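Single-structure report; data block below.
Predicted model, so just to flag it, every value in this text is computed and none were measured.
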4 protein chains.
Amino acid sequence: MTDNARRRSRERLEERERGILDAATKLFATAGFHATSTRKIAAAAGVSEGTVFHYFGSKNELMLGILDRFYNEVLNPRAAEILDTIMDTRGRLRALAVHHVSSLAADSALMMRLLQVYVGVDLEILGQDKQSPLRDLNRSYVGHLDRAVREGIERGDLRSNLETRPLRDLFFGTLEYGLRTHMYRHGTEGLDSYVDALLEPLWEGLSQSHRSKTPAQLTERLEEACERLERTADRWETAKH
Amino acid sequence: MTDNARRRSRERLEERERGILDAATKLFATAGFHATSTRKIAAAAGVSEGTVFHYFGSKNELMLGILDRFYNEVLNPRAAEILDTIMDTRGRLRALAVHHVSSLAADSALMMRLLQVYVGVDLEILGQDKQSPLRDLNRSYVGHLDRAVREGIERGDLRSNLETRPLRDLFFGTLEYGLRTHMYRHGTEGLDSYVDALLEPLWEGLSQSHRSKTPAQLTERLEEACERLERTADRWETAKH
Amino acid sequence: MTDNARRRSRERLEERERGILDAATKLFATAGFHATSTRKIAAAAGVSEGTVFHYFGSKNELMLGILDRFYNEVLNPRAAEILDTIMDTRGRLRALAVHHVSSLAADSALMMRLLQVYVGVDLEILGQDKQSPLRDLNRSYVGHLDRAVREGIERGDLRSNLETRPLRDLFFGTLEYGLRTHMYRHGTEGLDSYVDALLEPLWEGLSQSHRSKTPAQLTERLEEACERLERTADRWETAKH
Amino acid sequence: MTDNARRRSRERLEERERGILDAATKLFATAGFHATSTRKIAAAAGVSEGTVFHYFGSKNELMLGILDRFYNEVLNPRAAEILDTIMDTRGRLRALAVHHVSSLAADSALMMRLLQVYVGVDLEILGQDKQSPLRDLNRSYVGHLDRAVREGIERGDLRSNLETRPLRDLFFGTLEYGLRTHMYRHGTEGLDSYVDALLEPLWEGLSQSHRSKTPAQLTERLEEACERLERTADRWETAKH
DNA sequence: GATGAATGAGAGTTCATTCAT
DNA sequence: GATGAATGAACTCTCATTCAT
């Protein structure tokens, strides 16, 4: 077999794998994990049932493959890019949020369904196994938020007494719940600005600027500064005369 | 049949219905909706398989029955009571949150599992039917939060520019996501204080109180300070010449 | 439900169970365990596939059910009857042998096939589990041979130094192997007399009569007896004269 | 291609074939024919799935190949050697028995499993085809026992009225059944001495030796004794009168 | 000659639901 | 009203075998 042939062969394999993943993703997202049979997936992917199991040993591993691909090809790369490109904390959080929400909403349009259901699948099948590959994937993704927060605190953008875990829940819980309710009512229309509506009060609760110094304190300081300036001006005037 | 007999008969019926609901709730919560067969439910309830369908028509209606009972007997009454008893907004939100979380976590210990899975069931089977009885139940329950927020704004406890919908997502999204992650790690241990950890930054973002000066007032003061600075500057200029 | 109805209902259940067992027995015996699908069994029994599993939780339990019935309704009762009716050891062994062989050969004509294959199934599925119900069934059946041997030794019909275990192997091993080869060549024709041909050398090896007293010894004794008679006769004759 | 290269190529082929046979033998013996997939065999042999079929055409032919090799490389050669080396009938039977049993038990430790299962396979797939290659193999192997018996009778070691076929059943039936039960309880431990325990009663039933008087001779002696008794009786009668 | 991806029929089993009793 | 035997479609998954490379 020539190198060329081998390469072409590999490409075909990957194409097929992708095809199955695509079909399964769409079906799971549309009808749910349990309501989608492997037969339907095979048919939708244009392969035989055996082939599905040839590539992914079981329906569960297929699901895992979907999530793996989603995390590795969609969620993680862009999240990393965001942190590398955007530096101000507010902008980072906003970008991460929009990315998260639109990734879930995009593509199969209802990928979020998949995740919800998967939580069930996960518990049902993987049990309390803390080594679950899904956990690892999730951990690495969540790390991006953690980093944004950590650096935000270091720069003084965020309150210093914020704990990591509740923050994750605030961020992802709000976004996913919000995505669900928003899409239920308006589909993907106006999703970005809804994310802003969700983030605004959250930001208020997290940010440092008008906080450890409250607006009141800030005002006081401004007034003090003015007074000092005035006194200085007075002294100068007096000295002149 | 005497009235007495009729009454006793009715009681028996209700008792049986309750028994089935109890068994199904526990099983759904423990193993998930799809992993629980009607046969197991019947066995756990101590009735025949046919009887389950006698009372609930189908497995889906049984699930609906569980949620109906949960909303009507657990979630709603206590939420109403909270709003009737507690008056300060911070206390109300905290009580609603603890109630929500502990209701989901209590009793069957994993009732939340049920809800997650149910979302799947709901979409799978009831489709996008906006008339779904589940929606009604949910709407009425969510109303309690809406009321607490509305009254909180009226009393000046909360910022006046808060929108209802994002608030719901912030509140329930954070709580349910947090409940999930917390229970995954620690079970029901320390759940209440974790709710506090979740609510604190949220409250910071929502409350009015510590903004002793609103942005509007702040602007006024800044204007004044600027004017004074300008006057000072004028004086210097005059003095120079 | 009247008692009558309940009885009739029970009868129908048993009839159905019997029907499934009959169908499965025939198919297993004809085509082998692995080559017989539960679907075929259901069809042959005139019931739905679900019903087969309703009565026997799995294909393996169905097989166990067949063997259970075979031991309890065919093998054991007649074996017990033989020991109660026939008293001489030779006759007992012969009757047990004929019974064993003809039971295996009869009915489904190839029930023996089933046993062979089942040994495989047993090891495959029940593993080395010494608690296997099959072992119990077999133990109780083998007990009949053991008893015949024990009593045969007590009565002096059999050599006293025979061990139980090798005897079982000699008896059942020979019979089953012989049954197999005989049926392979002649079907059930002349089976009984073939059993005799198998038993004859076996009996020669087991029996006491012409053994602890060999034919030679026996002859000697006869001669001694004759001599004594002759001597006596001599004495009488002398005395007379 | 040089002759050398051709030879090396042939060697490689044979090595590969042997590797597949080895792997299949072990797996069949361990897990059974049906529970062993061709995929597992290929993996265990370190070849691709296609290669297995390249060499053996089908799973059944592979099984046949195993048996063929077993008969031709293990069973038959040593059996022939035994008959060529050992001359006394008792010793021959013992050696054949030990050889048979230990060959089945050895190597893959449970090769006997294979045979049991194979009987099933054979009937299932090769049907009643009397031309089955397995039959030929078996016939040639059984011939060794036949010869030992024939010559044993000729030498006067064995009773002259023994039939070939029942003898085969006695011999192989007892040994295989005994092997099965013994290995079930003790593995390969003490197998040889168990063979002795099986053979002893068998030998008693077959041998001529200790019948220092054959039935025919016995009859003669009995006739003589009777005649003497009759003569005695006659004398008495004469004397009386 | 060797590979291993692809196949698709068929396996055992489950399950919500029905209905005669 | 309550039962539970009966259903049969549908499920996930396995497997010997083929064939393009």
Side-chain angles (χ1 to χ4, degrees), chain A residues 1-2 4-6 8-10 12-13 16-17 34-43 46-62, chain B residues 9 12-13 16 34-43 46-62, chain C residues 1-2 4-6 8-10 12-13 16-17 34-43 46-62, chain D residues 9 12-13 16 34-43 46-62:
Chain A
M1 195 192 281
T2 67
N4 231 342
R6 192 170 290 123
R8 247 181 295 120
S9 158
R10 175 120 73 90
R12 189 139 70 213
L13 290 195
R16 226 164 241 255
E17 185 171 322
H34 288 104
T36 302
S37 70
T38 52
R39 217 184 293 279
K40 278 185 208 152
I41 294 168
V47 298
S48 74
E49 290 181 62
T51 302
V52 173
F53 287 89
H54 192 63
Y55 280 84
F56 309 88
S58 72
K59 198 184 176 187
N60 272 312
E61 281 180 62
L62 175 55
Chain B
S9 159
R12 190 114 50 113
L13 290 194
R16 228 162 235 253
H34 289 101
T36 302
S37 66
T38 52
R39 182 176 298 222
K40 278 186 207 151
I41 295 169
V47 300
S48 74
E49 299 176 58
T51 303
V52 172
F53 287 85
H54 225 50
Y55 279 85
F56 295 95
S58 77
K59 198 184 176 187
N60 274 311
E61 283 179 62
L62 174 56
Chain C
M1 196 192 281
T2 66
N4 231 341
R6 191 172 291 124
R8 248 180 294 119
S9 158
R10 175 122 70 93
R12 188 138 73 212
L13 290 195
R16 226 163 239 254
E17 185 172 321
H34 288 104
T36 302
S37 70
T38 53
R39 221 182 292 280
K40 279 185 207 151
I41 294 169
V47 299
S48 74
E49 292 180 62
T51 303
V52 172
F53 287 88
H54 191 64
Y55 280 85
F56 308 89
S58 72
K59 198 185 177 188
N60 272 312
E61 283 181 61
L62 175 55
Chain D
S9 160
R12 189 115 49 109
L13 290 193
R16 228 162 235 253
H34 289 102
T36 302
S37 66
T38 52
R39 182 176 298 223
K40 278 186 208 152
I41 294 168
V47 301
S48 74
E49 298 176 57
T51 303
V52 172
F53 287 87
H54 224 50
Y55 280 85
F56 295 94
S58 76
K59 197 185 177 188
N60 274 310
E61 283 179 61
L62 175 55

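- Regarding C:E61, its CD atom lies at a distance of 15 Å from the P atom of E:dG12, rounded to whole Å.
- For D:T38, the side chain to side chain contact (heavy atoms under 4.5 Å, CB included) criterion is met by D:F53, D:K59, not counting sequence neighbours.
- Taking for each of C:V47 and A:G57 the nucleotide of DNA chain F with the nearest heavy atom, the 5'-most of the two is the partner of C:V47.
- Whole-Å rounding puts the D:F56 CZ to E:dG1 C1' distance at 15 Å.
- Summarising the geometry, atom NE2 belonging to C:H54 is positioned 8.0 Å from atom CG belonging to C:L13; distances are rounded to the nearest 0.5 Å.
- Between atom CG of residue C:L62 and atom OG of residue C:S58 there is a gap of 8.0 Å, rounded to the nearest 0.5 Å.
- The distance between atom CZ of C:R12 and atom C1' of F:dA5, rounded to the nearest whole Å, is 10 Å.
- DNA chain F contains the following stems of three or more consecutive Watson-Crick or G-U pairs, with both distances under 3.5 Å: E:2-21 with F:2-21.
- When the side-chain nitrogen and oxygen atoms of A:T38 are compared with OP1 and OP2 of F:dT12, one or more of them lie within a distance under 4.0 Å.
- For the segment residues 48-55 of chain B, the set of residues with a heavy atom within less than 4.0 Å of an atom of DNA chain E comprises B:E49, B:F53, in numerical order.
- Atom pair B:I41:CD1 and F:dG4:P shows a separation of 17 Å (rounding to whole Å applied).
- Every residue two or more places apart in sequence or in another chain that forms a side chain to side chain contact (heavy atoms under 4.5 Å, CB included) with D:T51 is listed here: D:R16, D:I20, D:V47, D:S48, D:Y55.
- Among the atoms of the strands shown, only primed sugar atoms or phosphate atoms (P, OP1, OP2) are found under 4.0 Å from some heavy atom of B:S37.
- Along DNA chain E, the nucleotide closest to C:T36 and the one closest to B:S58 are compared, and the more 5′ of them pairs with C:T36.
- Rounded to an integer number of Å, the gap from B:H34 NE2 to F:dA10 P is 16 Å.
- B:R16 has a side-chain polar atom (N or O) that falls below the 4.0 Å cut-off from OP1 or OP2 of F:dT3.
- Of the listed nucleotides (F:dT7, F:dC13, E:dT13), F:dC13 has the atom at the smallest distance from the side chain of A:K59.
- We find that CZ of B:R39 is positioned 10 Å from C1' of E:dA16, with the value rounded to whole Å.
- Pairing each heavy atom of C:F56 with each of C:E17, the nearest pair is CZ-CG, 3.5 Å.
- Not counting sequence neighbours, the partners of B:E49 by the salt bridge (charged side-chain N to carboxylate O under 4.0 Å, His left out) test are B:R39.
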